Amino acid sequence: MSTTTQMSARDRILSLLDANSFVEIGALVTKRNTDFNLQGKEAPSDGVITGYGVIHGRLAYVYGQDVSVMNGTMGEMHAKKIMALYDLALKVGAPVIGFVDCAGLRLQEATDALAAFGGIYLKQAQASGIIPQITAVVGSCGGGSAVLASMSDFVFMEEKNGKLFVNAPNTLDGNNTGKCDTAAAGYMAAKGVADFVCGTDEALVEGIRGLMAVLPYNNAEEAAGETDTDDLNRTLDNLTAELSDTTLALSDISDNSLFIEVKKDYAKEMVTGFIRLNGMTVGAVANRTAELDEKGKTVAKYEDRLTTAGCYKAESFVKFCDAFGIPVLTLTNVSGYAATVPEASSIGIAAAKLTYAFASATVPKINVITEKAYGSAYVTMNSKHIGADLVYALEGAKIGTMDAGLAVQIMYSDELKGEDAVKLKEEKAKEYDALSQSALAAAKRGYVDAVLAPDALRKHLLYGFEMLFTKRESLPAKKHGTV
């Protein structure tokens, strides 16, 4: 059974929507099945409240499973109400937001209940990339409901009561909840399933409202903009100190320090989230080499390498941004791929998927090389070679095949065996660095559009995205790619 949460299903919906804007649909719908003594059980609204209202003055469709009615179980009419909501949302181009608190499939309805799940999955697949879909897990979300949540664009979980699982922790071989609660919000966030974890229902509702403030409500309109009150000429005086922890750098770059980080507890060496530039929503992807606390002290370090998890995290985020016309900014600091046995079998396909995501995205794309950009990992990270519209490099950035010292060791392996090997290596490394590794050398070949002082970066990003605002690009005609 699902754990009862602080707020009721109706309370959550009313808190999410602007005051006095909720209009309920299908309040009189109830179950049809009378088998297994169901004829004697009341099922008001068949356990799910559905309707529409506005968030920040814009239309949104909402459903909330009511755990007080048959434990919120999913039955035929329950699902048909959600499917009808999707039909309306697709017709008018508005997002669907669901609060899930469900004991699972209604066993008494058997194949009718299974058909119900399938119907919702079909609607979700049809809506994907057309309207944003958000699922908030506020209670139990198991079995088929976990698939429903994972088919959404963003998953919110309430930290204490939210439980997300296909198979419950106690049913896993050799496991139990006391050993490892695989359904817990923290576990799911660390594995990249939950995008946001919130301590209370109230914080969860505010988190969804905050996210909706920066998202477009369908794929044919622009993201919600706002009048920029930040200084367009503001310099980034602390950017150099923030480049290791790019969550701080992105906050500094953004209007009024707005940064909504997505999947912050997963693959922390790769940062994804939304910022604003001159009031416009921009999706940000950044490599990260350190985690700093409020006092600027390093609490964790990460390699400057692409990992499998980091590539998948960035890939899904870029695909979402491209589907909804959100420009993409990347901050690149990468020296290669993760070199471990576990990564050996997976990093190739993960990097291929990220490369494909950047290369096939037609939204405005700007890349900033902050420190190092080496090898094919650099190419993968939104380089000009795979379609970035503008590439900037900060002063002192290095761009090339690999570290100059390693390159010299390979190229001059025979010459570096004599008595003057150390001196020769230093000379050749310096020469290689000047000719082939510097941002200036890349700029001379047209691979970098400008080499910038760190404090001037925000201004150039504003100029660049403003210039690219009307970008139109068409890819070769095809049904879809296969990468």
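Quantities reported herein were computed from a predicted structural model and do not represent experimental measurements.
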Run the numbers on N333 and T370 for side-chain hydrogen bond (donor to acceptor under 3.5 Å, both in side chains), then give the verdict.
CA-CA 6 Å; N333 178 21; T370 61; 4.6 Å; no

Test side-chain contact (heavy atoms from CB on, under 4.5 Å) on M280 and V282 and set out the steps.
CA-CA 6 Å; M280 176 176 60; V282 173; 4.3 Å; yes

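One side chain, T307 or E269, offers a donor N or O that lies under 3.5 Å from an acceptor on the other. Side chains of Q126 and Y86: no donor on one and acceptor on the other come within 3.5 Å. Remark: the D304 side chain and the T289 side chain contain no N/O donor-acceptor pair separated by less than 3.5 Å. Using modelled atom types, one finds no donor on one side chain facing an acceptor on the other under 3.5 Å when comparing D252 with S257.
Looking only at side-chain heavy atoms (C-beta outward), F196 and L204 stay at 4.5 Å or farther from each other.
Side chain of S21 to main chain of L17: no donor-acceptor pair is present (N/O by atom type, distance under 3.5 Å, no hydrogens or angles). In this structure, the side chain of K365 does not engage the main chain of N382 through any donor-acceptor pair within 3.5 Å.
For CG of D293, the number of neighbouring non-hydrogen atoms (other residues, nucleotides, ligands) closer than 6.0 Å is greater than 12. Surrounding CZ of F165 are more than 12 heavy atoms belonging to other residues, nucleotides or ligands, all under 6.0 Å away. For K384, the NZ atom counts as densely surrounded, since its 6.0 Å shell holds more than 12 non-hydrogen atoms of other residues, nucleotides or ligands. Around atom NZ of K301, no more than 12 heavy atoms belonging to other residues, nucleotides or ligands sit under 6.0 Å away. The environment of NZ in K353 is crowded: more than 12 heavy-atom neighbours from other residues, nucleotides or ligands sit within 6.0 Å. Within 6.0 Å of CD in E473 there are more than 12 heavy atoms belonging to other residues, nucleotides or ligands. Atom CD of E303 has 12 or fewer neighbouring heavy atoms from other residues, nucleotides or ligands inside a 6.0 Å radius.
Between F259 and S251, the closest heavy-atom pair is CB-OG, 3.5 Å.
You'll find the ring centres of F154 and F320 inside the 6.0 Å limit.
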